[in-house]
Protein chains: 2
Amino acid sequence: MDDGFLHTCLFFTANRLGRAITKMAEEEFAPTGLTPMYGYLIRLVIGAPGISQKELAEKLSVTPSTLTRFVDKLEAKRLVERKVQGKTVLVYPTDKAKEMEETIRQASRSLKARYEAVLGVEAAQHLTKELEDSSISLEKH
Amino acid sequence: MDDGFLHTCLFFTANRLGRAITKMAEEEFAPTGLTPMYGYLIRLVIGAPGISQKELAEKLSVTPSTLTRFVDKLEAKRLVERKVQGKTVLVYPTDKAKEMEETIRQASRSLKARYEAVLGVEAAQHLTKELEDSSISLEKH
DNA sequence: GAAGTTATATTGTATGTACAAACAAAATTA
DNA sequence: TAATTTTGTTTGTACATACAATATAACTTC
């Protein structure tokens with residue numbers, strides 16, 4: 001059957017991998033009660049208390065509107081607090097978030113261990129680097 | 001700042017690339033009036049009239065419920081027709097869809113040309129293959 | 001052939017994400 | 001300093017996608 005175009009299309013294969021790894025990541029992050037993106041957002045906030053939403057959006061490569069929604073949810077769960085400073089919003093972790101940090105780190109480690117077991121440590125690292133480099137290039141165009 | 005974990009995480013980088021290439025793909029598919037996934041679905045249906053939804057879901061690596069939603073939309077646009085056969089549903093292209101085929105193919109070509117120009121032909125092909133191989137491995141676990 | 005099991009599709013609901021428009025504060029310019 | 005532009009954030013809306021539950025048809029087994 002003529003479905004070759006799917007296998008040679010970067011759009012299709014990139015999103016296919018995204019769905020597969022997201023599923024795995026959600027399973028590994030289940031013990032945290034958060035999805036992986038939220039876990040990473042919290043790690044960033046703990047690592048730099050008072051970081052602005054703009055910076056968070058850049059680091060996570062999501063749009064500002066998406067980041068607003070993320071912070072809304074984490075604030076509702078009492079995991080972060082906003083402090084408005086002029087036109088920017090600074091984000092701080094709560095004690096509750098700090099208590100979760102180790103659990104989140106553990107989930108990150110489990111996730112990595114799991115996909116490295118499937119793909120091979122070397123191959124996984126190489127692939128990750130290629131993905132990041134390609135993302136940077138594509139985001140510019 | 002301590003954000004290294006993002007750059008070494010396959011979950012994060014895969015989805016980051018997915019967002020970047022999806023944006024580009026949507027731009028290139030704009031002339032078709034469809035998003036890229038719908039365009040590819042139509043190509044599959046034209047290439048195999050009467051293909052079942054189950055097969056379509058497998059080829060596109062989406063869940064059956066997602067595929068139902070896709071076909072709902074294309075049916076509403078009079079681009080495909082359903083024919084129920086026992087417990088399976090067969091999908092056929094309409095004339096309207098067939099008339100669009102060349103436009104869709106052209107969008108696919110433009111997309112490929114565009115990201116190959118950014119990444120390099122060789123690198124893009126190699127990356128695509130790695131993504132597919134990795135997807136296949138991860139989908140099993 | 002009736003009862004139970006499996007396979008396919010659909011529906012209700014939820015989430016992540018984006019874009020465009022609106023808003024508010026800050027910086028620049030007149 | 002008033003007017004304009006830029007910057008950061010938020011809101012309304014929309015879409016792709018998934019999961020769990022349900023419906024329905026087909027297959028298996030007794």
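Residue numbering restarts at 1 for every chain, and letters A, B, ... go by the order of the sequence lines.
- Sorted by first and then second residue, the salt bridge (charged side-chain N to carboxylate O under 4.0 Å, His left out) pairs with a member in residues 113-123 of chain A read A:E27-A:R114, A:E28-A:R114; sequence neighbours excluded.
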Distances under 3.5 Å between protein N/O atoms and the N/O atoms of nucleotides 1-4 of chain D, please, pair by pair.
none

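- Of the possible donor and acceptor atoms, none in the side chain of B:K129 sits under 3.5 Å from a partner among the backbone N and O of B:A124.
- For the pair A:T88 (side chain) and A:V84 (backbone), a donor-acceptor distance under 3.5 Å is absent.
- Other residues sharing a hydrophobic cluster with B:L90 under the 4.5 Å side-chain heavy-atom criterion for ILVMFWY residues are B:Y92.
- Only B:R19, B:K23, listed by number, bring a heavy atom of residues 6-42 of chain B to less than 4.0 angstrom from any atom of DNA chain C.
- Between B:R82 and C:dT10, a side-chain N or O to OP1/OP2 separation shorter than 4.0 Å is present.
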- In sequence, state the C-alpha distance, the side-chain angles, and the governing distance for B:T66 and B:T63, and then conclude on side-chain hydrogen bond (donor to acceptor under 3.5 Å, both in side chains). CA-CA 5 Å; B:T66 297; B:T63 60; 3.0 Å; yes
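- Distance B:L67 CG to C:dA9 C1': 10 Å, rounded to the nearest Å.
- Among residues at least two apart or in separate chains, salt bridge (charged side-chain N to carboxylate O under 4.0 Å, His left out) pairs with a member in residues 41-67 of chain B are A:D3-B:K59, B:K54-B:E58.
- Rounded to whole Å, atom P of D:dT9 lies 13 Å from atom CG of A:D72.
- In the set D:dA16, C:dG16, D:dT9, D:dA16 carries the atom at the smallest distance from any side-chain atom of B:F70.
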- Message: Please determine whether side chain to side chain contact (heavy atoms under 4.5 Å, CB included) holds for the pair B:M37 and B:L60, giving the CA-CA distance in whole Å, both sets of side-chain angles, and the decisive distance to 0.1 Å.
- Response: CA-CA 8 Å; B:M37 273 297 258; B:L60 293 174; 4.2 Å; yes
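- For B:Q53, the side chain to side chain donor-acceptor pair (under 3.5 Å) criterion is met by B:R82, not counting sequence neighbours.
- By the ring-ring contact (aromatic ring centres under 6.0 Å, His included) test, B:F12 is found to be paired with no residue, residues two or more places apart in sequence or in another chain being considered.
- Residues satisfying the side-chain contact (heavy atoms from CB on, under 4.5 Å) criterion with A:K73, sequence neighbours excluded, are A:Y38.
- With sequence neighbours excluded, the residues that form a side-chain contact (heavy atoms from CB on, under 4.5 Å) with A:E139 are A:S61, A:S135, B:R16, B:A20.
- If you check residues 49-64 of chain B against DNA chain C, the residues with a heavy atom closer than 4.0 Å are B:Q53, B:K54, B:P64, listed by number.
- Checking the phosphate oxygens (OP1, OP2) of C:dA18, a side-chain nitrogen or oxygen of A:T66 falls inside 4.0 Å.
- A heavy atom closer than 4.0 Å to some atom of DNA chain C occurs in B:K87, B:T88, B:V89, these being the qualifying members of residues 83-92 of chain B.
- Straight-line distance from the CZ atom of B:R69 to the P atom of C:dT8: 19 Å, rounded to whole Å.
- Under the side chain to side chain donor-acceptor pair (under 3.5 Å) criterion, A:Q125 pairs with no residue, sequence neighbours left out.
- Closest heavy-atom contact between B:E102 and B:R109: OE2-NH2, 2.7 Å.
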